[in-house]
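Computed from a prediction, not measured in an experiment: that's the story for all the values here.
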Amino acid sequence: MSSNSTMNAGTELATTPQECAVPAPTVLPQIQVPLRVAPSDARELSKQFLLRLQELEEGTPEYQYARNTLIEMNLSLVRYVARRFSSRKESAEDVLQVGTIGLIKAIDRYDPSRDVEFTTLAVPYIQGEIKRFFRDTTWSVRVPRRLQELRIDIARAREELESEGSHEPSVADLAARLDLAADEVAEGLVASNGYDSDSIDRPVQAGGGKQQTGLVADLIGAEDPALALAEDVQALKPHLAKLDDRERTLLRLRFGEEMTQSEIGEELGLSQMHVSRLLTRVCTTLRKGLLAGR
């Protein structure tokens, strides 16, 4: 009995070191409400979860638990970054959702072997995803990315010039500050108009917003037919100058004094048919001249 016990004891002593050579898998703590974990605690717990996530097979229940818990514990990081964009008119809920996508990408791409803090990787991912959202979805009119970035540079240059006590910066002032051509700055200013839009049914307020004076639609000009008529008259003048006295008299009596063809015939001693033929010929000549000049 004694020798058998000694042998068993020796066997146990021989096998124990071999068993200890294989590290036991990390057991993750069960967090019931990850959203309530304080940011300082979340930072320490995230290290454990990220290390364990690298060891787990994707799709397993434990993998899903670790990944989902990491996301919920670090949502405070998304809210922190989203507060930088609180001045935007977009819904805060939309910004948080987009920022969460950046957080998920950071979790999936984090490599613990690089010995970099998770927040160092996550913040740029979250911020980049939010900026991409603003760039791709908030412009009312789609413009090239070059002009989108130029709008930001122009806005920053305008703020700097105004803070220096300058008057409303001109295109030349902005071009000098940005070291760009004036034409390029002008193009950026025009493109900036496409960033935001407003409803033409929006009320226009006056007196500090206490009195409604109408709608935006009331301020939009309409096409004035008289402008086209004025242009035609000016274009017609050189062609009228080429007519002889009788032809100009015919036009004056017919269209200026609004006389009938019979009345014009009596005035000039011509038949009504002859007056009709003369007016048709003159009007055809003027019409061809106007059309040829367009």
Side-chain angles (χ1 to χ4, degrees), residues 26-56 58-143 145 147-160 163 192 194-199:
T26 305
V27 178
L28 295 176
Q30 293 297 314
I31 302 175
Q32 299 300 324
V33 188
L35 289 172
R36 295 183 181 178
V37 177
S40 57
D41 296 332
R43 187 176 297 110
E44 293 302 319
L45 287 169
S46 293
K47 294 178 181 178
Q48 300 178 34
F49 277 77
L50 287 165
L51 286 170
R52 181 59 178 150
L53 197 65
Q54 301 298 311
E55 303 168 354
L56 296 172
E58 187 173 348
T60 60
E62 191 176 0
Y63 180 92
Q64 293 299 327
Y65 165 72
R67 188 170 181 265
N68 292 340
T69 304
L70 275 169
I71 294 170
E72 293 183 43
M73 281 196 304
N74 288 281
L75 284 178
S76 59
L77 198 60
V78 178
R79 289 191 289 270
Y80 166 75
V81 176
R83 278 197 294 269
R84 302 180 185 178
F85 303 90
S86 58
S87 60
R88 305 274 188 149
K89 294 192 296 183
E90 284 70 26
S91 166
E93 175 108 9
D94 291 341
V95 176
L96 287 174
Q97 288 183 1
V98 172
T100 303
I101 294 174
L103 172 64
I104 293 172
K105 289 182 177 180
I107 291 172
D108 292 340
R109 299 173 187 178
Y110 180 73
D111 185 359
S113 64
R114 295 187 177 182
D115 197 23
V116 176
E117 282 288 336
F118 174 67
T119 54
T120 305
L121 176 72
V123 170
Y125 266 92
I126 298 169
Q127 186 170 304
E129 205 67 32
I130 294 175
K131 286 183 175 180
R132 190 178 298 110
F133 166 72
F134 286 133
R135 187 187 71 224
D136 294 342
T137 62
T138 58
W139 280 76
S140 298
V141 178
R142 185 70 173 172
V143 300
R145 183 174 179 179
L147 295 177
Q148 293 181 16
E149 295 174 349
L150 180 57
R151 169 187 170 274
I152 298 173
D153 294 337
I154 290 174
R156 188 179 298 115
R158 176 180 277 117
E159 289 180 1
E160 292 174 356
S163 66
S192 299
Y195 179 75
D196 200 5
S197 63
D198 206 349
S199 172

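- Within the model, atoms OG1 of Thr120 and CZ of Arg114 stand 13.0 Å from one another, a figure rounded to the nearest 0.5 Å.
- Looking at every heavy atom in both residues, Val78 comes nearest to Thr100 through CG1-N, 3.8 Å.
- Counting all heavy atoms, side chain and backbone alike, Leu53 lies closest to Ala66 at CD1-CB, 3.7 Å.
- Nearest heavy-atom pair across Ser76 and Pro39 is OG-CG, 4.2 Å.
- Taking 4.5 Å as the limit, every side-chain heavy atom of Arg43 sits out of range of all side-chain heavy atoms of Phe118.
- In this structure, the side chain of Tyr125 does not engage the main chain of Ile104 through any donor-acceptor pair within 3.5 Å.
- To the nearest 0.5 Å, atom CG of residue Leu51 and atom CG of residue Leu56 are 11.0 Å apart.
- Of the candidates Thr119, Asn74, Asp41, Asn74 is the only one forming a side-chain hydrogen bond (donor to acceptor under 3.5 Å, both in side chains) with Ser46.
- A salt bridge does not link Glu159 with Arg156: none of the charged nitrogens is closer than 4.0 Å to a carboxylate oxygen.
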Run the side-chain contact (heavy atoms from CB on, under 4.5 Å) test on Gln97 and Ile101 for me, step by step, so that the C-alpha distance in whole Å, both residues' side-chain angles and the decisive distance to 0.1 Å come before the verdict. CA-CA 7 Å; Gln97 288 183 1; Ile101 294 174; over 6 Å; no
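- More than 12 heavy atoms of other residues, nucleotides or ligands shown are found within 6.0 angstrom of OH on Tyr65.
- Taking all atoms of both residues into account, the shortest heavy-atom contact from Ile126 to Leu103 is CG1-N, 3.7 Å.
- In this structure, Ile154 and Arg151 have side chains that are not in contact, with every pair of non-hydrogen atoms separated by 4.5 Å or more.
- Using a 4.5 Å heavy-atom cutoff, the side chains of Arg67 and Leu70 are not in contact.
- The shortest side-chain heavy-atom distance between Ser113 and Gln54 does not fall under the 4.5 Å cut-off.
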Audit row: Gln48, Leu45, side-chain contact (heavy atoms from CB on, under 4.5 Å) steps and yes/no: CA-CA 5 Å; Gln48 300 178 34; Leu45 287 169; 4.2 Å; yes
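- Looking at every heavy atom in both residues, Val37 comes nearest to Ala42 through CG1-N, 3.6 Å.
- Taking 4.5 Å as the limit, some side-chain heavy atom of Ile31 sits within range of a side-chain heavy atom of Phe49.
- Contact between Ala82 and Leu96 at its shortest, heavy atoms only, is CB-CD2, 3.9 Å.
- Note that CD of Gln127 is 5.0 Å distant from CZ of Phe85, once rounded to the nearest 0.5 Å.
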Any chance you could lay out the salt bridge (Lys or Arg N to Asp or Glu O under 4.0 Å) test for Lys105 and Asp108, step after step, and finish with the verdict? CA-CA 5 Å; Lys105 289 182 177 180; Asp108 292 340; over 6 Å; no
